[in-house]
There are 2 protein chains.
Amino acid sequence: MARLDLLKFMPFRLSRLAAEVSTALSSEYIEQYGIDVPQWRVLATLGFREEPCSAQFISQCTRTHKSTISRAVTELLKNKLIERVANADDRREFRLQLTAKGTRLYEELIPRLLRREQDMLSCLSVQERKDFATTLGKIEASLDLVQTSQQAKAKAAY
Amino acid sequence: MARLDLLKFMPFRLSRLAAEVSTALSSEYIEQYGIDVPQWRVLATLGFREEPCSAQFISQCTRTHKSTISRAVTELLKNKLIERVANADDRREFRLQLTAKGTRLYEELIPRLLRREQDMLSCLSVQERKDFATTLGKIEASLDLVQTSQQAKAKAAY
DNA sequence: GCCAGATAGTTTCACATGCAACTATTTTGC
DNA sequence: GCAAAATAGTTGCATGTGAAACTATCTGGC
């Protein structure tokens, strides 16, 4: 009879690990700034990219449902952490960018989150971390998870 | 100015990967058997362990909230996939076990899920898989995620 | 033996999220 | 140039989940 040890089953382990890591990390911005995970993803995308982005773009590259992004954007606008400008070329679309306040928050948050990430990986050697990242990359690629705006467009064109 | 590429940020990558893997996998039992993830976790625990388990035990070793497990158990009982027997030693607790029907479903499901897991890891060499599992184990251990019934009890005793 | 606190399990509540329908706009095919 | 299809974004709805309150039972201190 086939048996399966849940604790050694990769999908379960990933799910459990991701949940734990996410909880540990999000406490950093939820408690202190009242920002939730979708809002953080919007800020992270806008802070990293140079130019303003559309909600659609953020949705695609964070792989977060567009309604979730829409609600996160609404909240961030209300708190004046981001602002949006109409796009003359396409009036369905808005360009989103960080406000000065949003940029300050972003710059305050990033070093702390990067430190937390390093803390969580501190149980690994430098080589192990590299290998782990590489392996994750292979799995992501095989599941077609590596989504850039270019690929998103290419896909849509299919 | 510190920047953070979400696509290279481990917490985000784990979250995205876990979600994708979970969706890909759960279609195997959701569509065909109408079983959701918490229900699957209950079945997997009961099928793997020899003896009947309490809901509490399942909750701890799957790290799933007890109310979620409670609801999954209710549903599984309704569908006669598991049964519960009163525990004479402690009448607050019920011992849960698979019914014949539940065992059949379990035995049908396991090989298919294991095959899916292997498919998802097929992009890795044997050595890479081993290393990946080892690395996950280290991170889990450092986050104190490796929960056995013994550890759970030891913790509770603190 | 009894009472306070712990524990197993259930249920209520609040809330986050995905889906689908919707509006407004743009693009495509003819 | 116009109708049909596609797209950006919003919103209503259904559902799943965690926190907390609750019931029933057990345990430990005295």
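Computed over heavy atoms, backbone and side chain alike; hydrogens, waters and symmetry mates excluded. Remember, it's a predicted structure, so these values are computed and weren't measured experimentally. Chain letters run A, B, ... following the sequence lines, proteins first and then strands; every chain starts at 1.
- The ring pair (Phe, Tyr, Trp, His ring centres under 6.0 Å) test applied to A:Phe132 returns B:Phe132, not counting sequence neighbours.
- Here A:Ser122 pairs with nothing under the side chain to side chain donor-acceptor pair (under 3.5 Å) rule; sequence neighbours left out.
- For the pair B:Glu75 CD and D:dT17 P, the interatomic distance rounds to 12 Å; values are reported in whole Å.
- Scanning for salt bridge (Lys or Arg N to Asp or Glu O under 4.0 Å) contacts around A:Arg116 gives A:Glu28, with sequence neighbours left out.
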What one-letter contact string describes nucleotides 9-15 of chain C from 5' to 3', where B marks a base within less than 4.0 Å of any protein heavy atom, S marks contact via sugar-phosphate atoms alone, and - marks no contact?
-> BBBB---
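- Without hydrogens or angle criteria, A:Arg84 side chain to A:Leu96 main chain gives no donor-acceptor distance under 3.5 Å.
- Distance A:Asp90 CG to C:dT23 C1': 14 Å, rounded to the nearest Å.
- Shown here is B:Lys101, whose NZ atom has more than 12 heavy atoms of other residues, nucleotides or ligands within 6.0 Å.
- With hydrogens and angles disregarded, a donor-acceptor distance shorter than 3.5 Å links the side chain of B:Thr99 to the backbone of B:Leu81.
- Heavy-atom distances to DNA chain C give each of A:Arg91 and A:Val37 a nearest nucleotide, and the one nearer the 5′ end belongs to A:Val37.
- Atom pair A:Asn87:CG and C:dT26:P shows a separation of 9 Å (rounding to whole Å applied).
- Counting only distance, with no hydrogens or angles, the side chain of B:Arg95 and the backbone of B:Glu51 share no donor-acceptor pair below 3.5 Å.
- Along DNA chain C, the nucleotide nearest to A:Asp36 and the one nearest to A:Ala88 differ in position, and the one closer to the 5' end is contacted by A:Asp36.
- Between B:Ile58 atom CD1 and C:dA8 atom P there is a gap of 13 Å when expressed in whole angstrom units.
- Helix bend of the helix from C:dG1-D:dC30 to C:dC30-D:dG1: the angle between its two end axes, each built from five pairs, comes to 30° after rounding to 10°.
- By the side chain to side chain donor-acceptor pair (under 3.5 Å) test, A:Ser15 is found to be paired with B:Arg41, residues two or more places apart in sequence or in another chain being considered.
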